[in-house]
Amino acid sequence: MWENQIDIHKVMEIRSRTTVYLGVGAIQKAKDIAAALAAKNISKAVIITGKSSHIKTGAWDVVKKALEETGIEYVLYSKITPNPTVDQVDEATKEALAFGAQAVIAIGGGSPIDAGKSVAILLAYPDKTARDLYQFTFSPEEAVPIVAINLTHGTGTEADRFAVVTIPEKEYKPAIAYDCIYPLYAIDDPALMTMLPPDQTVYVSVDAVNHVIEAATTINANPFAISLARETIQLVHDYLLEAKRDPQDLKARYFLLYASLLAGISFDNGLLHFTHALEHPLSGVKPELTHGLGLGILLPAVVQQIYPARAQVLADILAPLVPGLTGDPGEAAKAYDGLKKWLQEVGINGSLASEGFTEKDLDKLTQLAFETPSLDALLSMAPVPATKETVWQIYKNSL
Ligand SMILES: CCCCO
């Protein structure tokens with residue numbers, strides 16, 4: 001097994017659009033990153049984070065010290081919630097502008113990092129608001145430099161060009177995609193993830209699994225996206241239950257984190273389709289719903305829907321989770337049952353009904369999937385036509 005020959009304590013540099021430091025202890029690279037920012041004449045930064053995980057994980061102590069030793073001043077915005085809103089982004093931007101921030105350092109899971117990416121754009125366009133950005137009234141070409149210190153192993157946002165923020169009054173959860181928000185540096189340190197509780201451990205890795213199943217089956221899927229999908233799914237299969245059983249297992253955390261990074265790069269190439277386009281209305285309407293749980297609930301019905309059109313790719317990449325698929329387009333029900341079984345094994349037994357949705361909600365959810373800015377673009381990537389009937393039926397099959 002190749003994983004046994006990797007020294008997980010050796011921090012290695014992975015070069016993609018983002019320079020990612022991966023490994024146990026990678027947080028210590030904060031010093032080098034601060035020095036690199038200072039070399040770019042950056043003397044003030046805004047820290048974007050949630051309520052407490054930046055402190056509990058110990059990440060903030062290291063980053064604070066690195067900034068202080070380098071002489072970079074900072075202002076801290078620590079009010080980002082799960083499913084962050086445009087108002088949080090505007091408030092953080094206002095504080096950062098008043099301070100004169102020239103860079104964003106985001107510490108957290110997808111929510112603080114995506115909010116941080118949005119702030120980084122608005123710092124370059126101070127006359128715009130987060131609603132302008134997420135309602136697509138302008139297309140940014142620049143942002144201030146972003147550093148992403150990642151505290152979960154699911155989103156891949158630390159190394160991609162996407163960000164998601166909620167517009168609460170419309171129940172929209174749109175996604176933006178711009179080259180200017182690839183973080184300049186990212187830290188992927190598995191030791192910062194051992195505090196993730198077992199259920200969140202599963203939800204974030206199920207997010208990564210969804211990223212690659214979608215990326216490998218869009219109408220844009222390329223061989224790179226498909227190869228990364230195969231590796232991601234194998235690693236999640238091999239390490240998720242172990243990390244759930246023993247949250248302190250650094251080897252399991254390392255390979256789940258690596259899988260999540262690969263998945264982010266995979267969907268940066270192949271893009272996404274049904275599962276994300278249908279989940280965003282769920283957590284747009286119910287912000288308390290965890291993204292990865294919503295995705296896990298929808299996944300079997302999505303795969304059932306697309307299997308006949310992408311049978312060979314799906315049989316290949318799903319092999320660790322659903323053994324015995326041959327690539328025959330007639331195996332959609334087998335793929336559905338196999339995925340349900342795997343999700344139950346890792347602890348996702350829910351349905352839309354158990355999350356409080358009923359058949360009466362389906363028209364509204366379907367409407368939101370087509371009306372929310374950007375989700376229509378994801379739907380257009382699906383390997384089968386994304387009609388309103390198809391979308392409604394996927395929701396129905398997930399009730
Ligand atoms: C288009 C990006 C969505 C990530 O949840």
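Values reported hereafter were calculated over all heavy atoms of this structure, with side chains retained and with hydrogens, waters and symmetry mates removed. When a ligand or atom number is given, it counts from 1 through the structure's own listing order. All residue numbers in this chain count up from 1 along the given sequence.
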### Query
For the hydrophobic clusters of this structure (ILVMFWY residues joined by side-chain heavy atoms under 4.5 Å, transitively), does one cluster hold both Leu228 and Ile219?
no
### Query
For the rings on Phe162 and Phe267, is their centre-to-centre separation under 6.0 Å?
yes
## Note on the structure
ligand 1 atoms nearer than 4.0 angstrom to some heavy atom of Ala175 are 1 (C)
### Task
Can you sort out which atoms of ligand 1 are near His276, meaning under 4.0 Å from one of its heavy atoms?
3 (C), 4 (C), 5 (O)
### Task
Please assess Leu256 against Val236 for the test side chain to side chain contact (heavy atoms under 4.5 Å, CB included), listing each intermediate value before the final yes or no.
CA-CA 6 Å; Leu256 291 175; Val236 172; 4.3 Å; yes
### Task
Report the C-alpha separation of Glu242 and Lys251 in whole Å, then their side-chain angles, then the decisive distance to 0.1 Å, and conclude whether the salt bridge (Lys or Arg N to Asp or Glu O under 4.0 Å) test is met.
CA-CA 9 Å; Glu242 179 53 26; Lys251 181 178 176 191; over 6 Å; no
#### Entry: Subset of ligand 1 atoms that lie under 4.0 Å from at least one heavy atom of His291
5 (O)
